[in-house]
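Below is one structure, written out as structure tokens, with a few remarks after it.
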Amino acid sequence: MLAHAGVGNAQGAVHAAEMAARMQPAEQQAVVQARPTGAGGSGLLAWPGVPRLGLPVLRMPDFSAPMQSGAGNASPMLPWLALAATWDPDLAHRAGTARARAEWQHGRAVVRVGGVDLLPSGRLQAGEDEVLSGTMAGVIGAGLLAGHVLPVFGSVVAEEQARADGTVPARAQPVPAVRLASHSLLGVAMALEIAHGGAILCGGMAPCPTVTDLGAMVHDAWRFPGMVIAPPGGAGRSMKEDDADPAIAAVAAGVDMEQVAAGEDGHDVFGAVLRQAVQAGTIKSAQVQAMATHILASFYMAGSLDHPPPFASTRNASTPPGTNDTLVSDVEMEGAVLLQNENRVLPFDPALGPVLLLTRNAMRPAGDLLAAALRHAGLTVTTATVPDGPGASPPPAATQAARILMLTGSNDDNRLITTLADLGGHVAVVLTADDPDRQMPWLDMVDSVVQAWAWRDEYAQALAALLSGQQDFSGHLPVTLTGGFYPPGMADADYRAFASAHIVPLFPFGYGLSTRSHLTLGDLHVTREGNHLLASFSLTNPGDGPVRATPQLYAEMPPDMPGASRRLAGWRSIMVAPGHTVRLGVPVSLRLLGQWEQGSGNWNVAAGDYTLSLGFSSVMLLRHVTLHLPALHVPGALENTPLPGAAAE
């Protein structure tokens, strides 16, 4: 099986099997855990390697905690939703390579890439769609692998965004992997295919045994040679009197490596418990060897064993000037989404007089940075602050202002924004938080609304360039903005839930405006090439300025079939010069139209008429094609998918 793996270097997979066979039983049992390094305050875990065989120690962070900026972490951390909102694989790859350099400097050879998970979640920090998040995560992973850093794909509970009413998908009951094959597991598979390697994190949203038959799906059906890794506590329950043998459950769940956090020693699963199970014969030594093989295969994919980062660098880790360049501000530049622009208030015209910038006290530093950047762009800007709290009144300067720019981070500002709109001037609102449920009762009263995502200091220059017209808005929503209203009776709040309930959300998935031009789409043509479809179309920019376009392709199964709701099938991200027309192609895997068959490990595509639609959001679809397909069987094995590009045909 390893020699025919589609994802990862087949020769490396064979080498992994040979190396695992050379290990002594005690060495095989040791390498299935990553344990605290013992270095005071480092917060790192160490995979022990096998010195006798020349396999080095490799270090990684504890994956049970959400990724954050701060001491000991690579900086800047990726702004997940802003990056997803760019829909730009080239920028995601750049983010991955920058992250690899930063991790290397901190002595880490393994890093988690969030946004995809083994369990269903319509509200992850990297977006609500498996195709979008899996593609972007995979491109980030490719950048990491190029820097000999192993990407581990998965999310943790803290990265899931609960609905405003507190509803989250149930996670208590076991879920067969077959039920997740065309949903959350699809995103993981796409990430592995596009990255050409990596590892999978289970136990982030719920203990690993929650997804049953995961190992069979990953290793047998997908033919993925790499590992499944569990964060501390994720392999299963701690060793208690009523746990007969948690190691058996963890191995059966497909876990290959277990992280052990500080203070957890004695309550882990793959330490003494595993050794006792092997001695008793309840876990075969061949199973442990297979686990070690999967672990080595992932490390060989990254080249981490041949190019380990020096651990000494973590003692003096710092990011040299220029290493991160303008990455974070570029992410905001492409990821900020223009939601509304009545009366073409944006971009601000310097000839129309001053702009009053309002912030709460807590946002005053951000306001000062943005005001300075806007002045540098040629605008006259005055600033004022209002006290924190929902009952604040506008400052006196607001009564005379013809144009007001309000930075807002919470629903506490809604009454204030309504009052500002009642004053009669033009009001532009910038949303500075990652909240897909942000209420906007003032939406029909204000002129312009920008989703700028969770504020960072690096955003000031980029946002000023957008507001002043030096750059055009090009971001598109990676999540549905609900306004706090959801389809009744549905735990998820993603675009498919709204479509199934025939409810139009406040702002749909994929939505975003430009201030420069309205692009036009030519006729859509779809052809079948083996196990893929190719959708081709033309895209024209009739305006007088360059526009970054994100045409999106959605697929819909025949209405009499289960799961017939519309889903994203692919997209392109491309800069179109003024007055130019480009011809584009979007490849679509037929697995997106199929149902997973557990027995054969194939995707079964039923005979019928399938609709593909092209447009600029999940509801703004302008071109449609109906394609009749015969009954097809698409192999479930992962493929080496080319990196998505932005070039025209």
Side-chain angles (χ1 to χ4, degrees), residues 6 129-132 134-135 178-183 185-187 189-190 193-194 221-222 494-502 508-510 520-539 550-572 582-639 641-642 644 648-649:
D129 179 83
E130 300 86 6
V131 174
L132 174 62
T135 299
V178 63
R179 284 178 48 191
L180 307 176
S182 60
H183 298 288
L185 279 175
L186 177 64
M190 293 186 68
E193 287 183 320
I194 292 171
W222 290 0
D494 63 16
Y495 69 97
R496 281 168 289 189
F498 278 88
S500 297
H502 304 288
F509 173 83
T520 61
L521 292 167
D523 289 341
L524 174 65
H525 300 279
V526 179
T527 58
R528 178 186 159 206
E529 299 178 358
N531 291 326
H532 292 80
L533 303 177
L534 180 64
S536 60
F537 55 93
S538 63
L539 180 68
T550 308
Q552 304 157 34
L553 187 71
Y554 292 82
E556 193 168 346
M557 298 207 291
D560 58 343
M561 292 180 57
S565 63
R566 185 181 299 139
R567 73 176 310 160
L568 181 68
W571 78 92
R572 294 298 296 267
V582 294
R583 188 78 190 173
L584 300 172
V586 176
V588 178
S589 172
L590 283 174
R591 73 176 66 162
L592 294 177
L593 307 178
Q595 298 291 322
W596 181 261
E597 185 179 74
Q598 187 174 19
S600 65
N602 292 328
W603 294 92
N604 291 338
V605 179
D609 294 328
Y610 295 79
T611 301
L612 284 92
S613 302
L614 181 70
F616 296 107
S617 79
S618 60
V619 300
M620 190 188 301
L621 299 172
L622 307 174
R623 302 289 183 180
H624 309 272
V625 166
T626 299
L627 182 70
H628 182 81
L629 293 175
L632 298 168
H633 300 283
V634 181
L638 302 184
E639 304 172 342
T641 303
E649 287 184 340

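Predicted model, so just to flag it, every value in this text is computed and none were measured. One-based numbering along the sequence shown.
Checked by atom type and distance alone, the side chain of R566 never pairs as donor or acceptor with a backbone atom of A499 at under 3.5 Å. The backbone N or O of G530 lies less than 3.5 Å from a partner atom in the side chain of R528, making a donor-acceptor pair. Using a distance-only test at 3.5 Å, with no hydrogens or angles considered, no donor-acceptor pair links the side chain of T611 to the main chain of T626. The main-chain N or O of L521 is found under 3.5 Å from a side-chain atom of R623 such that the two form a donor-acceptor pair. Using modelled atom types, one side-chain atom of S617 and one backbone atom of M620 make a donor-acceptor pair closer than 3.5 Å. In this structure, the side chain of Q552 does not engage the main chain of G615 through any donor-acceptor pair within 3.5 Å. Listed for the Y554 side chain is no donor-acceptor partner under 3.5 Å among the backbone atoms of L621.
Using a 4.5 Å heavy-atom threshold, the side chains of P635 and N531 count as touching. A 4.5 Å side-chain heavy-atom check between Y495 and R567 finds at least one atom pair inside the cut-off. Looking at heavy atoms from C-beta onward, V619 lies out of side-chain contact with F498 at the 4.5 angstrom threshold. Using a 4.5 Å cut-off on side-chain heavy atoms (C-beta onward), L592 and L186 make contact. With contacts defined as side-chain heavy-atom distances shorter than 4.5 Å, the pair D129/D494 does not qualify. With a 4.5 Å cut-off on side-chain heavy atoms, Y610 and P558 count as touching. Proximity of H183 to E130: side-chain heavy atoms (C-beta onward) are separated by under 4.5 Å at one or more points. At least one side-chain heavy atom of L593 sits under 4.5 Å from a side-chain heavy atom of L533.
In this structure, the separation between NE2 on H532 and CG on L534 is 10.5 Å, given to the nearest 0.5 Å. To the nearest 0.5 angstrom, E639 atom CD is 6.0 Å from S589 atom OG. Between the OG atom of S613 and the NE2 atom of H624 there is a distance of 4.5 Å, given to the nearest 0.5 Å. Between the CG atom of L614 and the CG atom of L524 there is a distance of 5.5 Å, given to the nearest 0.5 Å. Atom CG of L629 and atom CG of L590 lie 6.0 Å apart (nearest 0.5 Å). Separating the CH2 atom in W571 from the OG1 atom in T135 is a distance of 4.0 Å, to the nearest 0.5 Å.
Side chains of H525 and S536: a donor-acceptor N/O pair is absent below 3.5 angstrom, by distance only. E597 and N604 share a side-chain donor-acceptor pair at under 3.5 Å. Defined by atom type and a distance below 3.5 Å, a donor-acceptor pair is missing between the side-chain atoms of H633 and N602.
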Exercise for review: Begin from the C-alpha positions of D523 and F537 and carry the test side-chain contact (heavy atoms from CB on, under 4.5 Å) through to its verdict.
Suggested key: CA-CA 6 Å; D523 289 341; F537 55 93; over 6 Å; no

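Residues T550 and F616 come closest through the heavy atom pair O-CD2, 4.0 Å.
The aromatic rings of W596 and W603 sit perpendicular to each other, their planes meeting at more than 60°, with 30° as the lower class boundary.
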